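Below is one structure, written out as structure tokens; comments come after it.
In each ligand, atom 1 is the first atom listed, and ligand 1 is the first ligand listed. From a predicted model like this one, the values you see are computed outputs, not experimental measurements.
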Amino acid sequence: MEIRNFVIISHIDHGKSTLADRFLEITGTVEKGKMRPQYLDGMDLEREKGITIKMTPVKMKHNGIIFNLIDTPGHIDFNYEVSRSLAAVEGAVLLVDATKGIQAQTITNLELAKKEGLVIIPAVNKIDSPQARTSEVKKEIADFLELEEDKIMSISAKTGENVDKLLDRVVELVPNPEQNEEAPLRALIFDSQYDTFLGVIANVRIIDGKVKTGDKVYLLNSKAEGVVKEMGFFNPERVSSGELKSGDIGYIATGIKDAEKIRIGDTVVLKDSKEGLVPLEGYKDPEPKIFVSMYPQDQEDFETLKLALSKLKLNDSALFYQHQNFQVFGRGFLCGFLGTLHAEIINERLRREYGLELVIGAPQVCYKANGSKGQEAMIYNPTNWSDSFKEHFEPWTEVKLIIGSAYLGSVFDLISKIDGIHIDSRPFGKDRYLLVYELPLREIIGTFYENLLNITQGYASMTYKEIGYRKADLEKLEILIAGEPEEAFSRILPKTKTVAEARRMVEKLKEVLPPQMFAVAIQGRIGGKIIARETISARRKDVIAPLYGGDYTRKRKLLEKQKKGKKELKQRGKLNIPSDVFLKVFGS
Ligand SMILES: Nc1nc2c(ncn2[C@@H]2O[C@H](COP(=O)(O)OP(=O)(O)OP(=O)(O)O)[C@@H](O)[C@H]2O)c(=O)[nH]1
Ligand SMILES: [Mg+2]
């Protein structure tokens with residue numbers, strides 16, 4: 001049977017998952033009654049936030065052809081998902097929103113797909129919208145891709161207009177993959193997941209040969225061995241089948257117990273025919289861009305946190321974690337993420353799926369410094385800081401911005417405030433500009449994007465890549481709560497920023513900390529000197545308010561409990577800080 005393996009890529013929100021819905025309908029993959037918008041966004045968090053976080057593969061059949069589609073996320077923090085999915089397919093549908101035009105992630109994802117040598121099928125989406133500028137956007141794409149406008153399809157993923165024709169185009173242009181079933185098995189692991197019954201599952205693209213239940217398998221890089229317990233396809237739920245063969249996309253329950261042994265990008269082969277086989281080209285390990293310390297509020301949860309992180313990592317290979325012990329918090333982890341949204345999602349998953357309440361340090365880039373003896377020190381978080389460091393360095397990025405030309409002036413202003421270096425600016429399309437700057441990574445993970453959206457009324461998009469370390473002049477800001485340094489709030493910052501940031505943080509903390517039962521001072525300190533202060537005044541919590549009409553003994557009990565709690569907290573001189581406070585303080 002002929003096969004077409006393809007992905008849908010685009011900037012965030014341009015309609016990939018909605019287009020996937022129409023494909024699922026046309027091919028009858030999901031029953032009518034079960035259909036719901038963005039069907040492939042199966043995770044609760046995806047549905048709540050209305051964004052795709054994980055790539056999702058699905059197998060469809062139509063007119064005698066098998067389609068393996070992978071829906072990808074558009075947000076830059078999840079870009080690693082896109083790059084992995086590309087290696088499993090031969091074609092990419094590139095969507096551009098007719099109301100927005102080409103955006104920064106359109107360019108990044110297109111470059112990735114081109115590098116992978118995929119057939120690219122461009123389509124303008126949302127042509128049903130009253131704000132659609134279909135012909136203008138078509139022209140933009142044609143210029144960018146250097147092709148004729150009539151090669152660009154116009155569709156509506158919402159109404160389904162022309163979606164069947166797009167599928168025809170996939171059949172016509174994406175090649176049927178080479179199906180060499182007789183060769184020894186080689187399968188590329190592009191994702192993995194954990195299942196309570198099946199254990200560690202590898203999502204694979206079978207390049208050569210075939211595999212069936214009971215086969216002894218071997219991973220060429222990690223050298224792990226296992227016996228295939230089950231295998232099958234994505235529908236999009238897993239459906240077991242007896243065999244997978246060259247050209248297919250599916251899953252293999254490898255029977256390998258140790259989660260660490262299943263690495264994304266590894267090659268699965270049959271144990272008996274592994275001699276002489278060369279591993280498939282894997283993936284470059286993603287480099288975490290921001291680092292955050294995570295500690296269980298209750299130290300007894302440490303083992304749960306450890307297990308939870310190892311399981312999440314199976315499904316999110318960009319997650320990095322390393323065990324760390326700190327005097328202040330006890331046992332926890334230094335975690336690395338691809339951006340603040342990524343950090344937020346993992347924190348949220350740990351809370352929901354594993355019931356973990358965490359203390360979370362400030363998201364920080366990895367600074368470097370030369371110690372007193374000239375040795376290089378990596379500063380992943382403020383506890384790595386020493387006043388004896390001689391020289392400091394920080395990571396820089398190349399940033400691409402797409403903005404409406406009306407906002408050029410305000411964007412120049414914004415960037416001059418954060419020491420950006422102008423590299424290039426180019427008009428394109430109608431009244432739009434592509435700007436290229438060099439900026440410190442710390443600005444990108446901070447409030448830069450939010451500020452950019454504010455001054456452009458949302459008419460801006462951004463993408464970036466790291467370009468190496470440059471000299472910096474840094475110091476450590478500490479935050480004291482009730483006179484005690486709360487290390488989770490400490491930050492390393494350029495000297496020019498510390499005073500303003502200290503003020504911002506104490507004000508924000510005053511705003512977001514829940515009312516306390518006694519007056520609490522919040523202070524910012526640099527090198528032993530207090531430079532900012534706020535006070536939260538005491539507020540008695542009205543514990544009996546919800547109990548009007550309740551019986552007297554219960555009221556008494558609550559009041560007693562409140563008295564006791566007050567005493568205990570005062571003795572510890574500590575506040576109970578809900579974990580979302582940490583993200584609120586560092587967010588904006
Ligand atoms: N009017 C109109 N709205 C659309 C169309 N396609 C998608 N949308 C809307 O655009 C929004 C984003 O759609 P999604 O399908 O979630 O976009 P996405 O590209 O999958 O988003 P990410 O996966 O987060 O990058 C939703 O509100 C959709 O209803 C379309 O053809 N017309
Ligand atoms: Mg989506």
Side-chain angles (χ1 to χ4, degrees), residues 6-26 30 35-58 69-86 92-110 112-113 121-138 141 152-167 191 234 236 316 318 338-342 344-345 348 402 449 453 458 461-463:
F6 71 105
V7 289
I8 312 176
I9 53 174
S10 83
H11 190 76
I12 190 162
D13 266 356
H14 283 202
K16 298 174 290 297
S17 304
T18 307
L19 174 61
D21 289 346
R22 300 294 84 76
F23 285 148
L24 293 173
E25 279 172 4
I26 291 177
V30 175
M35 199 61 207
R36 57 178 187 184
Q38 288 96 31
Y39 188 88
L40 297 183
D41 289 344
M43 222 191 290
D44 284 350
L45 266 172
E46 293 184 311
R47 304 202 68 76
E48 274 167 40
K49 291 189 178 282
I51 57 166
T52 304
I53 295 168
K54 277 297 301 172
M55 66 165 124
T56 310
V58 60
L69 157 71
I70 305 181
D71 181 27
T72 65
H75 192 283
I76 186 164
D77 279 16
F78 311 120
N79 209 244
Y80 189 58
E81 295 279 317
V82 181
S83 62
R84 291 202 324 267
S85 66
L86 296 177
V93 169
L94 176 73
L95 280 194
V96 181
D97 186 330
T99 69
K100 301 265 172 62
I102 289 182
Q103 298 290 330
Q105 286 307 309
T106 318
I107 300 179
T108 307
N109 289 332
L110 172 65
L112 285 172
I121 303 176
V124 178
N125 186 31
K126 308 198 187 179
I127 57 168
D128 62 286
S129 163
Q131 282 90 40
R133 295 178 287 113
T134 308
S135 59
E136 218 174 287
V137 172
K138 251 188 172 176
I141 303 173
I152 301 160
M153 304 210 54
S154 304
I155 65 160
S156 166
K158 192 174 172 184
T159 65
E161 191 180 345
N162 290 340
V163 172
D164 51 346
K165 294 197 184 106
L166 179 60
L167 199 59
D191 204 357
F234 302 101
D316 182 355
L338 296 181
T340 39
L341 179 63
H342 187 205
E344 197 185 315
I345 297 287
E348 193 54 31
I402 291 185
Y449 188 50
L453 289 181
S461 65
M462 172 183 94
T463 182

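Annotation for Asp164: atom CG counts as buried by contact number, over 12 foreign heavy atoms lying within 6.0 Å.
Distance check, rounded to the nearest 0.5 Å: CD1 of Ile121 to CE of Met153 gives 9.0 Å.
Atom 27 (O) of ligand 1 has its closest protein heavy atom at Gln38 NE2, 4.9 Å.
When only interatomic distances are considered, the shortest N/O to N/O separation between Ser17 and ligand 1 falls below 3.5 Å.
When each atom of ligand 1 is checked for a heavy atom of Ser156 under 4.0 Å away, the hits are 31 (O). Contact atoms of ligand 1 toward Ile12: 24 (O), 25 (O) (distance under 4.0 Å to a heavy atom of the residue). Within ligand 1, counting atoms from 1 as listed, the ones closer than 4.0 Å to a heavy atom of Ile51 are 24 (O). Within the listing of ligand 1, atoms 19 (O) sit less than 4.0 angstrom from a heavy atom of His14. Using a 4.0 Å cut-off to heavy atoms of Asp128, the atoms of ligand 1 that qualify are 1 (N), 2 (C), 30 (C), 31 (O), 32 (N).
With contacts defined as side-chain heavy-atom distances shorter than 4.5 Å, the pair Glu344/Leu341 qualifies.
Contacts of Lys126 with ligand 1, taken as heavy-atom pairs under 4.0 Å, involve both backbone and side chain. With a 4.0 Å heavy-atom cut-off, ligand 1 is reached by the side chain of Asn125 but not by its N, CA, C or O.
For Gln103, the side-chain contact (heavy atoms from CB on, under 4.5 Å) partners at least two apart in sequence or on another chain are His11, His14, Lys100, Thr106, Arg432, Ser461.
Only protein N, O or S atoms were considered, and those under 2.8 Å from the Mg ion (ligand 2) are Ser17 OG, Thr52 OG1.
Salt bridge status for Lys49 with Glu46: absent, with no side-chain N to carboxylate O gap under 4.0 Å.
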